[in-house]
K.L.:
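My questions will all concern the structure given below.
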Amino acid sequence: MPSVTLDFSIQINESVQIGDTLYYANTQDEALENGEDQAFSNTIVEIGVITAINYITGVITANILNSTALPTTSSFILFGKDNRVNMTSLLGYYAEVEFSNNSVNKAELFSVGSEIFESSK
């Protein structure tokens, strides 16, 4: 299967792993420049499964089908996890969280949630 190598000028997200699926979406400006309608910019295209990552140089290699159009330099790149492998929740017995607002402007916290379960007695 052919592969594609993407070189990023910014730091790669530390959550991305080999085996994750790589996707891209064209930006709205790019779609309009190509004469496509605005809805095209909301289309997410699957590139393929990530086969290699170099966090230092910012390079990701992924499998790609011959029929898949390549992303451009202005495409938005994203990745998805394999739910069969990454099904987990927080582990541990204790957590402490502190929220602070260092702004002089008023700020409002909309929601805070947590997941709690009894793991042992």
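Values below: all heavy atoms of this structure, side chains included; hydrogens, waters and symmetry mates excluded.
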K.L.:
Within the 4.5 Å heavy-atom criterion, are I44 and F76 side-chain neighbours or not?
P.N.:
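With C-beta onward as the side chain, the pair stays apart.
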K.L.:
If hydrophobic clusters are built from ILVMFWY residues whose side chains come within less than 4.5 Å, do L6 and V49 share one?
P.N.:
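Different hydrophobic clusters.
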K.L.:
Return the minimal non-hydrogen interatomic distance between P2 and N66, and the atom names on each side.
P.N.:
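Minimum heavy-atom separation between P2 and N66: CG-OD1, 3.1 Å.
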K.L.:
What is the minimum heavy-atom distance between G48 and A62, and which atoms define it?
P.N.:
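What the structure gives for the nearest pair is O-CB, 4.2 Å.
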K.L.:
Can N63 and S3 be counted as having a side-chain donor-acceptor contact under 3.5 angstrom?
P.N.:
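Note: N63 and S3 side chains miss the donor-acceptor criterion.
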K.L.:
With a sphere of 6.0 Å drawn around CG of L109, does it hold more than 12 non-hydrogen atoms of other residues, nucleotides or ligands?
P.N.:
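Yes, the 6.0 Å shell around CG holds more than 12 heavy atoms from other groups.
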K.L.:
To the closest 0.5 Å, what do you measure between OG1 (T5) and CD1 (I60)?
P.N.:
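Here the interatomic distance stands at 10.5 Å.
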K.L.:
If every non-hydrogen atom of N105 is compared with every non-hydrogen atom of N101, which pair is closest and at what distance?
P.N.:
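Result for this residue pair: O-ND2, 3.5 Å.
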K.L.:
Going from CD1 on I50 to CD on Q17, what distance comes out if it is rounded to the nearest 0.5 angstrom?
P.N.:
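Answer for the CD1-CD pair, I50 versus Q17, is 9.0 Å.
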K.L.:
Which one of T21, I12, N13 satisfies the side chain to side chain contact (heavy atoms under 4.5 Å, CB included) criterion with F79?
P.N.:
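Result for side chain to side chain contact (heavy atoms under 4.5 Å, CB included) with F79: N13.
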K.L.:
V112, F110: one ILVMFWY side-chain cluster at the under-4.5 Å cut-off?
P.N.:
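As far as the 4.5 Å side-chain criterion goes, F110 and V112 are not connected within one cluster.
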K.L.:
Closest heavy-atom contact between N26 and S75?
P.N.:
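The answer is OD1-OG, 2.9 Å.
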K.L.:
Taking side chain to side chain contact (heavy atoms under 4.5 Å, CB included) as the criterion, tell me which of I18, L22, T61 meets it with T51.
P.N.:
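When side chain to side chain contact (heavy atoms under 4.5 Å, CB included) is applied between T51 and each of I18, L22, T61, only T61 qualifies.
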K.L.:
Of the options L78, I47, L70, which is the one that meets Y24 in a side chain to side chain contact (heavy atoms under 4.5 Å, CB included)?
P.N.:
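Only one of L78, I47, L70 forms a side chain to side chain contact (heavy atoms under 4.5 Å, CB included) with Y24, namely I47.
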K.L.:
Taking I10 as the starting point, is it possible to reach Y55 by hopping between hydrophobic residues whose side chains are less than 4.5 Å apart?
P.N.:
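Different clusters.
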